[in-house]
Structures are given as structure tokens and as C-alpha cells.
Amino acid sequence: MKLKDFGKKNIFMPDATRGAIRFLTTEQLEQTGTKAVVTNTLHLLMNIGVENLYKLGGIKKMMNWNGLLLTDSGGFQVFSLIHTGKWKGKVHENGATFKSPTTGQIYELTPESSIDIQMSIGSDILVTLDDCRNTGISRKEAEISVQRTLNWAERCKNHFEKKYGGTRKSGKLLSCVVQGSNYLDLREKCAKGLVNIGFDGYNFGGFVVDKEGNLVVDEMSVVVENTPKDKFKYAMGVGKPEDIRKCSKLGYTVFDTVLVTRNARHGTLYSSDINGEVLRIMNAEYSVDERPIDSNCDCYTCRNFNRAYVHHLLKAGEATGMTLATIHNLRYYQRLIDELNLNANALNL
RNA sequence: UCCGCAAUAGCUCAAUGGUAGAGCAAACGGCUGUUAACCGUUCGGUUCUAGGUUCGAGUCCUAGUUGCGGAG
């Protein structure tokens with residue numbers, strides 16, 4: 001797939017946060033039909049470092065990955081690790097300053113450095129640094145988050161243009177993140193502000209489900225309605241298969257979520273044979289089940305092994321169980337995306 | 001045969017004479033821009049047996065049973 005067509009059709013990108021889909025080789029990943037992956041700016045910065053990434057030719061070369069690569073800006077980590085107090089650090093107007101809990105090293109993530117790191121990673125689709133917050137924050141906090149996100153997005157764009165020549169010269173795409181929590185007018189304000197700056201794609205940021213686990217459809221709709229039709233919409237972190245179907249109807253085409261791979265490792269598999277799609281492979285009922293995980297699936301796992309085997313491997317803590325489970329879940333998501341694209345084509349004809 | 005040590009949840013072990021707990025296993029659930037092969041809930045007991053002392057015994061005493069070690 002060519003970069004200019006990114007997001008024209010539905011696409012699911014699994015999260016290879018530190019440059020790998022856990023328990024899979026790049027070859028195994030390719031065999032699931034995956035066309036693009038997401039890596040994380042902050043984690044690669046701390047694990048490999050900008051200079052080494054640059055010297056080594058970027059993470060795609062290291063991974064031997066020929067597909068597309070989207071890099072997340074680190075905004076989510078600023079939220080999930082620093083705002084929540086799990087890591088020591090401060091969020092300020094210039095970005096975030098924090099201390100590695102393992103090495104003690106001090107890191108400074110700014111809008112400009114985030115772009116630089118993403119370029120050294122060798123990203124195809126970059127994401128602006130944003131001030132991500134939890135749902136249920138006060139209006140005042142949401143306003144600060146939106147203002148900061150807009151400010152940082154503009155700085156990212158300027159830096160991307162001046163230092164790298166923007167989309168035209170670099171050949172890369174720059175997407176931005178819409179914040180505003182559950183305040184619809186703030187979502188609209190943020191979206192419009194970002195459109196004024198101008199980006200290749202618009203990402204729905206923050207939390208995509210409420211406390212009950214329901215997709216925040218109203219917020220997501222506002223973002224679609226206030227961003228250009230010819231630019232891709234990326235539903236960051238979405239999600240369950242049913243939520244991807246819903247988002248696709250709203251106009252989002254780009255998806256990523258940790259659920260598909262993390263659930264696989266934790267024994268929650270997806271199967272069209274099961275009412276509700278969820279098959280908890282570790283449960284006792286599968287201990288002697290000789291059927292494949294999904295009778296409609298063409299993945300390596302389903303073609304070669306039965307439920308009892310995957311059940312046994314995961315129960316026994318064998319890493320191969322995680323591999324087989326991850327392969328299946330990834331294939332399930334790719335087939336879900338294929339189906340959405342088929343349906344979209346049928347509507348257009 | 002004698003001497004010593006032990007016996008508590010399915011397993012490995014805690015518990016001043018004062019409400020018998022933990023880890024693992026089991027059953028089930030959760031996970032949404034990954035600090036997560038993680039987290040949570042539940043299930044789980046004639047404390048080897050029979051007596052005794054005591055207001056009260058898993059704990060102290062007596063006898064037995066089983067296991068482990070040593071002596072002969």
C-alpha cells in the first residue's frame with residue numbers, strides 16, 4: 001500500500017510499542033495480513049535512543065518490516081505514566097520532563113523533540129504531541145488540555161515543515177490529535193483549531209470508552225463532523241471488534257488497539273463460532289475441545305492446532321501459546337477489516 | 001525394637017494458649033494511542049486419630065497411626 005492512500009480504506013495497525021509485536025517474529029506478523037504497525041516514540045527513545053535509532057537506520061530496518069509504520073507521539077504515556085503519578089515527572093507548557101524509573105535518566109519530551117524522535121525512528125505517519133487526559137476531568141482541565149494540545153500541534157507542524165520540509169519534501173504524513181474529553185464544544189473547538197493549522201490526518205484522542213465500557217459515539221462524531229472529508233480519521237485505541245465496526249460507520253478508517261495482542265496473551269480470543277465473538281481459551285470447557293479456535297479462520301493457528309492445544313499451552317505458561325493466540329487474534333482483526341472494506345466497496349458500486 | 005523429628009486447604013508452608021492465613025493450583029471475570037506472559041473475584045479446612053489439662057488447644061500433656069532420619 002502506498003502512503004498517499006493511507007486511510008482511504010479501513011486499516012488496523014497492531015501495537016509494536018517497542019519495535020515488536022510481542023511473541024511474534026516479523027515474518028509471522030506479515031503472515032497475518034498486517035499492513036501497518038504502531039511503535040511508540042517514548043519507549044523507543046528510552047530503550048534505544050535517538051542517536052542509535054538514526055545510526056541503525058530506524059526501527060523498520062531493524063525489524064525488517066516492509067509495511068507502513070505509524071509512530072505514536074508519547075502523549076498517551078505522558079498521561080498514563082506521568083499524570084497518574086506512576087512515574088515521577090512534570091507536564092508543563094513546553095512538554096513533559098520525567099525520570100526513567102529504571103535508569104534514573106532525565107528525559108525531556110517537547111513537541112519539537114517528539115517530531116525529531118519520530119523521524120529518527122523512521123516513521124511513515126507521525127503524530128503530534130498532545131496533552132492526553134482521563135475522562136471525567138473538569139471543564140477547566142479539559143480547556144487547558146485542548147489549548148496545550150493546539151499549541152503543541154502547531155509547534156510540531158512548524159518544526160516538521162522547517163526542519164524536514166513537511167509532507168511534500170519528507171514524503172511522510174503528519175497527523176494530529178483532537179482532545180476535549182467529553183465536552184462536545186471543546187472537541188469541536190480543538191478539531192477546528194487543528195484544521196486551521198492543517199494536517200494529513202485527524203486522530204481521536206483521549207479515552208474512547210466511558211466507565212461502562214461504551215464507545216463515546218457523540219464525541220467521536222463531533223470530530224468527524226469538524227474535520228476535512230478527504231483526510232483520514234484515526235480512532236486511537238479502538239478497540240473491540242464491535243467498536244471498530246461502529247467507528248467505521250462514523251467515518252473512521254484507521255485503528256489500533258492493544259486489546260488484540262494483550263487479550264491473546266491473556267487468553268481472550270476472538271471467534272465467529274462464539275456468540276459475542278469472545279472465546280476465553282483458558283476456561284475448562286476447552287480442555288478437550290478438538291475444534292479450531294474459529295472454524296472460519298485461515299490463520300496458521302486455526303489451520304494446524306485445536307482449542308485444547310492452545311488451552312494447554314497458555315495454562316502451562318508456554319510462550320508458544322502466546323504466539324499462536326496472538327497470530328489468531330491478529331488474523332481475526334485483519335479479516336474484520338477486510339470485511340468492512342468489502343462492504344464499503346459494495347456500497348460504492 | 002529403641003531414640004529423634006514431623007503431620008494444618010489439592011500442593012508448599014504460616015499462625016505468644018485467644019477470630020486458622022499466605023503463595024501456588026482450580027473456577028470465573030477484566031484488559032481499549034501496552035510500565036501488563038498482567039490484574040481482580042471466588043472456591044477452598046473433622047489443623048492425622050482418641051483422650052486429657054484449660055474459661056479457651058493447631059499450639060501444652062498421654063497414647064496411637066503414618067512418614068522421614070538415626071541407633072541396633
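Protein chains get the first letters and strands the later ones, always in sequence-line order, with residue 1 at the start of each.
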Between the base of [N] and the side chain of [X], is there a donor-acceptor distance below 3.5 Å?
X	N	value
A/Asp130	B/G33	yes
A/Arg22	B/U34	yes
A/Thr102	B/U35	no
A/Gln179	B/G33	yes

A/Tyr286 six-ring face occupied by A/Arg280 cation (under 6.0 Å, within 45°): no
Would you indicate which nucleotide in [options] comes nearest to any side-chain atom of [X]?
X	options	answer
A/Phe76	B/U34, B/U32, B/C28	B/U34
A/Thr268	B/G29, B/G33, B/C31	B/C31
A/Lys86	B/U35, B/G33, B/C28	B/U35
A/Ser73	B/A37, B/U35, B/G33	B/G33
A/Val177	B/U32, B/G33, B/A37	B/G33
A/His266	B/U35, B/G33, B/G30	B/G30
A/Lys315	B/A26, B/G29, B/C31	B/A26

Please check the phosphate of [N] (OP1 and OP2 only) for any side-chain N or O of [X] closer than 4.0 Å.
X	N	value
A/Thr17	B/U34	yes
A/Arg262	B/U32	yes
A/Arg280	B/G29	yes
A/Ser80	B/U34	no
A/Gln77	B/U34	yes
A/Asn283	B/G29	yes
A/Arg18	B/A36	yes
A/Asn40	B/G33	no

Examine [X] together with [Y] and report whether their ring centres are nearer than 6.0 Å.
X	Y	value
A/Phe207	A/Phe79	yes
A/Phe232	A/Tyr252	no
A/Tyr234	A/Phe204	no

Let's test this: given Watson-Crick or G-U wobble pairing with both distances under 3.5 Å, identify the partner of [N].
N	answer
B/A27	B/U41
B/U8	none
B/U1	B/A71
B/A36	none
B/A63	B/U49

Hey, are A/Asp289 and A/Tyr309 close enough side-chain-wise for a donor-acceptor pair under 3.5 Å? no
In whole angstrom, give me the gap between the C1' atoms of B/A7 and B/A20. 16 Å
Could you tell me whether the side-chain ring of A/His43 sits stacked on the base of B/U34, using a centroid cut-off under 5.5 Å and a plane angle under 30°? no
Over 60° means perpendicular and under 30° means parallel, so tell me whether A/Tyr333 and A/Phe12 are parallel, tilted or perpendicular. tilted
